[in-house]
2 protein chains.
Amino acid sequence: MDTMLKTLGEPRRCEIIRLVWSTEMPATEIANHFPDVTRSAISQHLGVLRRRGLVNERRDGTRRLYSVNQGEIAKLKAFIDSFWSNSLEKLRDLAESHEQLKGPE
Amino acid sequence: MDTMLKTLGEPRRCEIIRLVWSTEMPATEIANHFPDVTRSAISQHLGVLRRRGLVNERRDGTRRLYSVNQGEIAKLKAFIDSFWSNSLEKLRDLAESHEQLKGPE
DNA sequence: CTTATATGTTAGCAGTTCCTTACGTAAGCA
DNA sequence: TGCTTACGTAAGGAACTGCTAACATATAAG
């Protein structure tokens, strides 16, 4: 999970995720959205995202079309949510241990 | 937001957030949860978390008690959620432009 | 077959990050 | 006042990261 957070902590990688969130897009078109860095830099970011399983790659002729693996991002969402739900769990455990002291109702 | 993702991408910082999520805790006690690194390393992580506004510091004698600023983490939660809601927004915009082509119902 | 397009990969460098060691400081206690 | 506890901070180094430039490969077009 730390890995995923780190991966998305890179602004361009995070932006790529947004770009291909709902529509697959070839590498060159993705790179065109980042005029301030070379295509190579974006290709390397795509490689990281692919290896981390955050995007899927589909080949079509010479092109490679990327799309988001929303399931992986859903894991991140669940992880963030777990900060809250785990604290609820702690409260529940605390309540239970209180009940044990008092005996069951 | 990239900053927050990067900040939590560090495993120990992420763990610190969990530690002080629902109960404030003095720096030394936090450091004791990480036997593999020095207290200095943890102090530096706490400094980062404080500067980023992710934790609050309260002084009590020589101790410094840290607690999570849940509001900041809530922003991250909202950001992750926005990946989904923004794609809904795009669908809505798409539907609207279709209606313009057809004329209003 | 030759050329152009789309893309990944490698080498290498500058900047950043996380760590340790050593030191500084402020509050309590003798 | 001197010692101890609880902490932050500074200096410096090893490892990691993101970038560019140059090269490799594969498909398509002529």
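So that the names make sense, note that chain A is the first sequence line, chain B the second, and so on, each numbered from 1.
As rounded to whole Å, 13 Å separates atom P of dC18(C) from atom CZ of Phe34(B). For the pair Asp2(A) CG and dT17(C) C1', the computed distance is 15 Å after rounding to whole Å. Taking atom OH of residue Tyr66(A) and atom P of nucleotide dA6(C), one finds them 15 Å apart after rounding to whole Å. With rounding to whole Å, Lys6(B) atom NZ is found 16 Å from dG15(C) atom P. The interatomic distance linking Ile16(A) (CD1) with dG18(D) (C1') rounds to 12 Å, in whole Å. One can place CZ of Arg58(B) at 16 Å from C1' of dA27(C), the figure rounded to the nearest angstrom. For the pair Arg64(A) CZ and dA28(D) C1', the interatomic distance rounds to 15 Å; values are reported in whole Å. Rounded to an integer number of Å, the gap from Arg52(B) CZ to dT17(C) P is 8 Å.
Evaluation of the salt bridge (Lys or Arg N to Asp or Glu O under 4.0 Å) test over residues 42-55 of chain A, restricted to residues two or more places apart or in two chains, returns Arg50(A)-Glu57(A).
Defined by atom type and a distance below 3.5 Å, a donor-acceptor pair is present between the side-chain atoms of His45(A) and Arg13(A). Under 3.5 Å, the side chains of Arg64(A) and Ser43(A) contain no donor-acceptor pair of N or O atoms.
Minimum heavy-atom separation, Leu46(A) to Val55(A): O-CG2, 4.4 Å. Contact detail for Ile17(A) and Phe83(B): the closest heavy-atom pair is CG2-CE2, 3.4 Å.
Judged by closest nucleotide on DNA chain D, Arg50(B) is the one of Arg50(B) and Gly9(A) placed further toward the 5' end. If Arg13(B) and Ala27(A) are placed on DNA chain C by their nearest nucleotide, the residue sitting closer to the 5' end is Ala27(A).
Using a cut-off of 4.0 Å between Lys/Arg side-chain N and Asp/Glu carboxylate O, Asp2(B) and Arg12(A) are scored as not salt-bridged.
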For nucleotides 19-26 of chain D, give me every protein contact, N/O to N/O, under 3.5 Å, one pair per line with atom names.
unit_1  : atom_1 : unit_2   : atom_2 : d
dC19(D) : OP1    : Arg12(A) : NE     : 2.4
dC19(D) : OP1    : Arg12(A) : NH2    : 3.0
dC19(D) : OP2    : His45(A) : NE2    : 2.4
dC19(D) : N4     : Gln44(A) : OE1    : 3.3
dT20(D) : OP2    : Thr38(A) : N      : 2.9
dT20(D) : OP2    : Thr38(A) : OG1    : 2.6
dT20(D) : O4     : Gln44(A) : NE2    : 3.0
dA21(D) : N6     : Ser40(A) : OG     : 2.8

